[in-house]
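Note sheet for the following structure.
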Amino acid sequence: MSLAAAQAFMRERRIGGWLLHDFRGNNPVLARLLPGKRWTTRRAALLLPSEGEARLLAHTIDAAQFEGVTGGTGNTGGTPVLLETYTSWRELHAWLGQAAALGRVAMEYSAGAALPVVGIVDGGTIDLLRGLGAEVVSSADLIQLAAATWSKAAREQHARASRETARIKDGAFALIRERLASGAAVHEVEVQRWMVDEFARAGLESTEPPIVAVNAHAGDPHYEPKAESSSPIRRGDWVLIDLWARVPGEENIFSDITWVACAGAPTAKQRGVFETVKRARDASIRRAKDAWRAKERVQGWQLDDAARQELIGAGMEGFIRHRTGHSLSPGPMVHGLGMNLDNLETHDTREMLPGIGFTVEPGLYLPEFGVRLEVNLYVDPGEGPVVTSCVQDEIVALA
């Protein structure tokens, strides 16, 4: 994404400029917009006005780190950036005063700490800009445009990762099925290790090993199977598998999916919970697509509500443990820099913008088992929200 798109957005929203403040590398958004590994010891700031040239201020000691820098992300970057330097705090304040003169200034700030993932800039710096005359507003949607959108190449690599994660998921269930049929033992951690080896054979990378969770372990959303605590998988057991991986490369996007299975005939309770979660997933997807067709500006909290109301309506509110979904964006983390589907942990007012991606993964976690059904969506600028991963509509049979 070029910085020009962010400038057009600011003009539309009557924002005078975007000020990205960094101290010792604490602002990951600045790192995304100015690609290249850098080690800084003092404050730095990037100012992108709604019109005109981008300006970067660096301390004289750190300035060499930014020589020849250009702004933007991925293959569409390369926007020229004017490098300026300072030595004293008075010079820094004078430069920030020029930024404040733009009036409404977007920063990595979230009013009332509503979005901690966006609230990067310290309160004192916000006070400073306000004291210089700026009206500080959140850069949350600017971050989406400039750092969370998918390139064409990234979408193609995500499609590859999605095909491979679906294959590896199927292979993991097949491994369990074969062991049960032969009477051989199989443990959570053994299935997990097989999947990790398959990631390597497929040329994929992941941040952590996948989750393989049996029965009550599936009722813990972040259960991690370990050799010393791994449970065996037996006939009649409930199994949840959550896996995420991407093609290596900082511009590439993770495929992140969760499926469930039963090594026997599912109970009426298991079927009921599965169907409830499926309705919730589909309600959120439907809300996103309906909003696109109606040209409605829909926000992350609304897509969360669409799913969660299905769970609450079924009398299952007490078994909800997390939001409905998270951003999928370029960068090293599976949880990206864009909009989350959240009106539970936070009130996410970021908009569903063209070019971004996210998961839809409602879940219910009971003491004896849990169900999470996770799919990935991409907001195609022409078609609107499209599902990019495999979709589970029936409980997988393992026996």
Side-chain angles (χ1 to χ4, degrees), residues 1 3-34 40 42-59 71 73 79 81-82 84 86 88-148 297 299-301 327 329 337-340 342 345-351 353 356:
M1 183 100 221
L3 298 183
Q7 290 182 304
F9 184 87
M10 285 190 282
R11 290 193 294 271
E12 177 190 334
R13 303 298 172 94
R14 298 180 181 177
I15 297 171
W18 183 8
L19 179 63
L20 296 101
H21 180 272
D22 179 272
F23 180 59
R24 296 178 180 173
N26 76 325
N27 191 335
V29 184
L30 182 68
R32 285 285 305 152
L33 296 188
L34 301 178
T40 57
R42 271 75 170 173
R43 288 172 284 187
L46 174 67
L47 176 62
L48 181 66
S50 60
E51 295 187 72
E53 189 174 26
R55 300 165 59 194
L56 174 67
L57 183 71
H59 194 275
T73 61
T79 303
V81 175
L82 175 64
E84 301 171 316
Y86 76 98
S88 73
W89 66 264
R90 292 179 177 85
E91 293 172 302
L92 170 65
H93 285 202
W95 191 93
L96 292 175
Q98 297 172 32
L102 295 172
R104 296 186 78 221
V105 177
M107 298 185 73
E108 283 64 72
Y109 154 79
S110 176
L115 288 173
V117 70
V118 174
I120 297 167
V121 180
D122 67 281
T125 299
I126 298 295
D127 289 343
L128 172 60
L129 265 293
R130 287 174 173 160
L132 293 169
E135 177 191 350
V136 178
V137 298
S138 178
S139 63
D141 281 325
L142 282 167
I143 293 170
Q144 293 206 91
L145 278 173
R297 286 180 177 173
Q299 299 177 341
W301 70 269
S327 167
S329 75
L337 291 172
M339 175 194 77
N340 294 327
D342 192 2
E345 301 163 32
T346 68
H347 181 63
D348 199 319
T349 56
R350 287 174 288 185
E351 292 181 19
L353 297 175
I356 68 166

Step-by-step side-chain contact (heavy atoms from CB on, under 4.5 Å) determination, W18 to I143: CA-CA 10 Å; W18 183 8; I143 293 170; 3.9 Å; yes
Determine, step by step, whether L57 and L92 satisfy the side-chain contact (heavy atoms from CB on, under 4.5 Å) criterion, reporting the C-alpha distance in whole Å, the side-chain angles of both residues, the deciding distance to 0.1 Å, and the verdict. CA-CA 8 Å; L57 183 71; L92 170 65; 3.5 Å; yes
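Each of V121, L129, V136 was evaluated against L19; a single residue qualifies, L129, per the side chain to side chain contact (heavy atoms under 4.5 Å, CB included) test.
Residues R32 and E108 are not paired through a salt bridge, judged by the lack of any N-O separation under 4.0 Å between the basic side chain and the carboxylate. Here E91 does not pair with R42 in a salt bridge; the nearest charged N to carboxylate O distance is not below 4.0 Å. Using a 4.0 Å cut-off between charged nitrogen and carboxylate oxygen, R11 and E51 do not count as a salt-bridge pair.
In this structure, S138 and V118 approach most closely via the heavy-atom pair OG-CG1, 3.7 Å. The two atoms that bring E12 and R297 nearest to each other are OE2-NH2, 2.9 Å, heavy atoms only.
In this structure, Y86 contributes its side chain and R43 its backbone to a donor-acceptor pair below 3.5 Å. Formation of a donor-acceptor pair under 3.5 Å by the R104 side chain with backbone atoms of R14 is found in this model. In this structure, the side chain of D141 does not engage the main chain of R350 through any donor-acceptor pair within 3.5 Å.
Annotation: side chain of N340 is not in contact with side chain of T346 (no heavy-atom distance under 4.5 Å). With contacts defined as side-chain heavy-atom distances shorter than 4.5 Å, the pair I356/S327 does not qualify. For the pair F23 and I120, the minimum side-chain heavy-atom distance is 4.5 Å or more.
Between H347 and W301, the ring planes lie tilted relative to each other; the angle falls in the 30° to 60° range.
For the atom pair CZ (R130) and CE (M107), the distance works out to 10.0 Å, reported to the nearest 0.5 Å.
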